[in-house]
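Okay, structure first, notes after.
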Number of protein chains: 2
Amino acid sequence: MARRDVLDLAVLGLLHDAPLHGYELRKRLAGVLGPFRALSYGTLYPCLRQLLERGWVSEQHPVAPVRRGRIVYQLSAAGKEHFEALVADGGPTTWDDESFGVRLAFFARTQSSVRLRILEGRRSRLEERLEALGAALARSRERADAYTLELQRHGLESVQREVRWLGELINAEQASRTTDPLPRQTDHTPT
Amino acid sequence: MARRDVLDLAVLGLLHDAPLHGYELRKRLAGVLGPFRALSYGTLYPCLRQLLERGWVSEQHPVAPVRRGRIVYQLSAAGKEHFEALVADGGPTTWDDESFGVRLAFFARTQSSVRLRILEGRRSRLEERLEALGAALARSRERADAYTLELQRHGLESVQREVRWLGELINAEQASRTTDPLPRQTDHTPT
DNA sequence: TTCGTCATGTAATGGGTTACATGATTAC
DNA sequence: GTAATCATGTAACCCATTACATGACGAA
């Protein structure tokens with residue numbers, strides 16, 4: 001998922017629940033993207049305009065007496081379709097750093113097979129990272145000072161914990177799959 | 001520290017140890033900035049040129065028989081000075097996400113008082129974040145689905161661990177300060 | 001001689017932040 | 001009435017990535 005698609009997914013996903021205006025949308029976005037790195041209006045409004053141009057959302061301007069006020073955005077049928085398409089994507093870019101969190105935030109509306117694929121992709125991505133970090137740490141062991149070493153050690157540990165966490169999520173996912181087997185899901189599970 | 005200064009610090013710091021050419025520099029930079037997000041040549045070379053223009057480094061071009069080859073960069077006296085200035089900075093921007101890691105990587109050449117200031121600044125930054133995350137989690141508890149909740153829970157836990165880690169570093173720092181008291185350090189410790 | 005890696009560099013592009021500008025609404 | 005917050009929007013800027021182009025050097 002390209003950077004752009006991730007934002008689209010987040011916005012369309014939020015509008016999926018209820019129509020919202022930009023200002024409110026931004027606040028909710030913080031809940032999806034994380035309370036920090038909430039995006040600026042300089043990003044959000046141009047993004048909304050583009051969604052409008054593509055016909056994925058419709059605007060509702062304030063009524064007569066008001067000159068300026070809340071502009072409420074609502075998901076269109078085409079927008080709903082596009083959201084479904086985005087949420088069905090289980091490609092390699094879905095487990096990138098920038099995508100994964102947002103994808104997870106919309107897991108409730110993602111097919112179980114896709115969820116599993118994303119979780120496993122994310123885990124093996126982090127496992128690669130673990131190897132790289134381990135190698136870097138080994139190389140540093142003798143050359144680097146205590147601070148650098150400590151930084152690398154802590155980084156390594158964080159990734160290890162995240163791998164374990166993903167393992168738990170994957171187990172839970174698989175358990176629920178055997179419990180309530182999904183209909184119409186021809187199985188071409190990866191990895 | 002502005003984004004730009006962080007890069008300068010990283011590059012000057014590496015050249016402080018030994019003269020290097022761009023290609024090698026980039027690899028070492030990966031050790032400082034983290035093995036991922038190693039920066040591209042499209043960033044590095046323009047950066048080096050600017051360091052050159054500012055007189056902080058000097059280049060050494062390959063000798064006669066070769067038309068093109070390694071260009072070795074070496075820290076100048078002015079560059080060394082600038083590095084010292086950067087490393088002496090203990091301002092609020094030093095514990096930003098983008099700065100902190102690099103600052104820590106050069107802690108061995110940072111005054112103890114500045115180290116402590118940065119560590120404590122970083123910790124309180126993360127403690128604020130903890131509060132925000134806790135509040136978000138509390139708000140979500142009833143509205144959000146299990147996946148979102150789990151994501152937030154894990155995020156919260158990661159930050160908690162990092163706060164604890166910083167606490168240990170701070171303790172170690174304070175212990176070493178009482179052990180070997182530094183000369184010429186008028187004490188206006190913050191927080 | 002050809003492949004892979006080392007090595008330097010530029011131009012186009014993308015995308016986000018900052019700063020700014022404006023106006024509506026609410027609370028005091 | 002006035003301050004704070006809600007709300008929308010634009011333009012300038014920053015800066016990193018991507019894609020591309022070039023060329024040296026060593027090994028197979």
Side-chain angles (χ1 to χ4, degrees), chain A residues 1-11 14-15 19-30 32-34 36-53 57-74 93 96-99 102, chain B residues 1-11 14-15 19-30 32-34 36-53 57-74 93 96-99 102:
Chain A
M1 307 194 82
R3 193 86 143 203
R4 188 56 224 259
D5 287 327
V6 178
L7 224 196
D8 286 351
L9 175 64
V11 172
L14 286 173
L15 293 181
L20 292 168
H21 59 275
Y23 192 85
E24 177 65 24
L25 196 50
R26 184 183 182 243
K27 285 198 292 188
R28 305 245 181 144
L29 234 27
V32 170
L33 304 169
F36 345 100
R37 55 175 281 248
L39 43 80
S40 62
Y41 298 117
T43 308
L44 179 57
Y45 286 115
C47 168
L48 282 170
R49 201 185 319 129
Q50 211 174 339
L51 293 180
L52 190 67
E53 282 164 11
V57 302
S58 60
E59 322 180 288
Q60 184 162 0
H61 284 271
V63 278
V66 196
R67 262 186 302 175
R68 189 181 181 172
R70 298 177 170 185
I71 298 174
V72 177
Y73 293 88
Q74 184 161 8
T93 55
D96 287 347
D97 289 336
E98 317 85 49
S99 317
V102 175
Chain B
M1 308 192 81
R3 192 97 147 188
R4 187 55 224 258
D5 288 327
V6 178
L7 224 194
D8 287 350
L9 174 65
V11 172
L14 286 173
L15 292 180
L20 292 170
H21 60 274
Y23 192 85
E24 178 64 24
L25 195 52
R26 184 185 183 239
K27 285 198 292 187
R28 306 245 181 144
L29 232 29
V32 170
L33 304 168
F36 344 100
R37 52 176 282 248
L39 45 79
S40 62
Y41 297 117
T43 307
L44 179 58
Y45 287 116
C47 168
L48 282 170
R49 200 184 319 129
Q50 210 173 340
L51 294 180
L52 189 67
E53 282 164 12
V57 302
S58 61
E59 322 179 287
Q60 184 162 2
H61 284 270
V63 278
V66 196
R67 263 186 301 177
R68 189 181 181 171
R70 297 177 169 185
I71 298 173
V72 177
Y73 293 88
Q74 182 161 9
T93 55
D96 286 347
D97 290 335
E98 317 85 52
S99 316
V102 176

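So you know, we letter chains A, B, ... as the sequences are listed, proteins then strands, and number each from 1.
For B:Val102, the side chain to side chain contact (heavy atoms under 4.5 Å, CB included) test picks out B:Val6, B:Leu9, B:Ala10, B:Val32, B:Leu33, B:Phe106, with sequence neighbours left out. Every residue meeting the side chain to side chain contact (heavy atoms under 4.5 Å, CB included) condition with B:Thr43, not counting sequence neighbours, appears here in chain and number order: B:Leu7, B:Leu39, B:Ser40. Residues meeting the side chain to side chain contact (heavy atoms under 4.5 Å, CB included) test with A:Gln50, sequence neighbours left out: A:Arg4, A:Glu53, A:Arg54. A search for salt bridge (Lys or Arg N to Asp or Glu O under 4.0 Å) contacts involving B:Asp5 returns nothing, not counting sequence neighbours. In this view, A:Arg28 and A:Glu24 satisfy the side chain to side chain donor-acceptor pair (under 3.5 Å) rule, not counting sequence neighbours. For A:Glu59, the side chain to side chain contact (heavy atoms under 4.5 Å, CB included) partners two or more places apart in sequence, or in a different chain, are A:Leu52, A:His61, A:Ile71, A:Tyr73.
Going from atom CG of A:Asp8 over to atom P of C:dG15 covers 10 Å, rounded to whole Å. In this entry the distance linking CG of B:Asp5 with C1' of D:dC14 reads 14 Å, nearest Å. Following rounding to the nearest Å, B:Leu20 (CG) and C:dA7 (P) show an atom-to-atom distance of 11 Å. The distance between atom CG of B:Leu7 and atom C1' of D:dT17, rounded to the nearest whole Å, is 14 Å. Atom CG in A:Leu29 sits roughly 11 Å away from atom P in C:dG16 (whole-Å rounding). We find that CG of A:Leu48 is positioned 15 Å from C1' of C:dG16, with the value rounded to whole Å.
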Might you work through the side chain to side chain contact (heavy atoms under 4.5 Å, CB included) test for A:Tyr41 and A:Arg26, ending with a clear yes or no?
CA-CA 8 Å; A:Tyr41 298 117; A:Arg26 184 183 182 243; 3.2 Å; yes

Which is it for A:Leu25 and A:Leu48 under the side chain to side chain contact (heavy atoms under 4.5 Å, CB included) test, yes or no, and what are the steps along the way?
CA-CA 10 Å; A:Leu25 196 50; A:Leu48 282 170; 3.8 Å; yes

Kindly give the atom pairs (protein nitrogen or oxygen, nucleotide nitrogen or oxygen) under 3.5 Å for nucleotides 6-11 of chain D.
| from | atom 1 | to | atom 2 | distance (Å) |
| --- | --- | --- | --- | --- |
| D:dC6 | OP2 | A:Tyr23 | OH | 2.9 |
| D:dA7 | OP1 | A:Arg70 | NE | 2.3 |
| D:dA7 | OP1 | A:Arg70 | NH2 | 2.3 |
| D:dA7 | OP2 | A:His21 | NE2 | 3.3 |
| D:dT8 | OP1 | A:Ile71 | N | 3.0 |
| D:dT8 | OP2 | A:Gly22 | N | 3.4 |
| D:dT8 | OP2 | A:Tyr23 | N | 2.5 |
| D:dT8 | OP2 | A:Tyr45 | OH | 2.6 |
| D:dT8 | O5' | A:Tyr45 | OH | 3.1 |
| D:dT8 | O2 | A:Arg68 | NH2 | 2.1 |
| D:dT10 | OP2 | A:Arg49 | NH2 | 2.5 |

Below 3.5 Å between N/O atoms, which protein atoms pair up with nucleotides 12-14 of chain C? Just atom names and distances, please.
none

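One finds no side-chain N or O of A:Ser40 lying less than 4.0 angstrom from the OP1 or OP2 phosphate oxygen of C:dT18.
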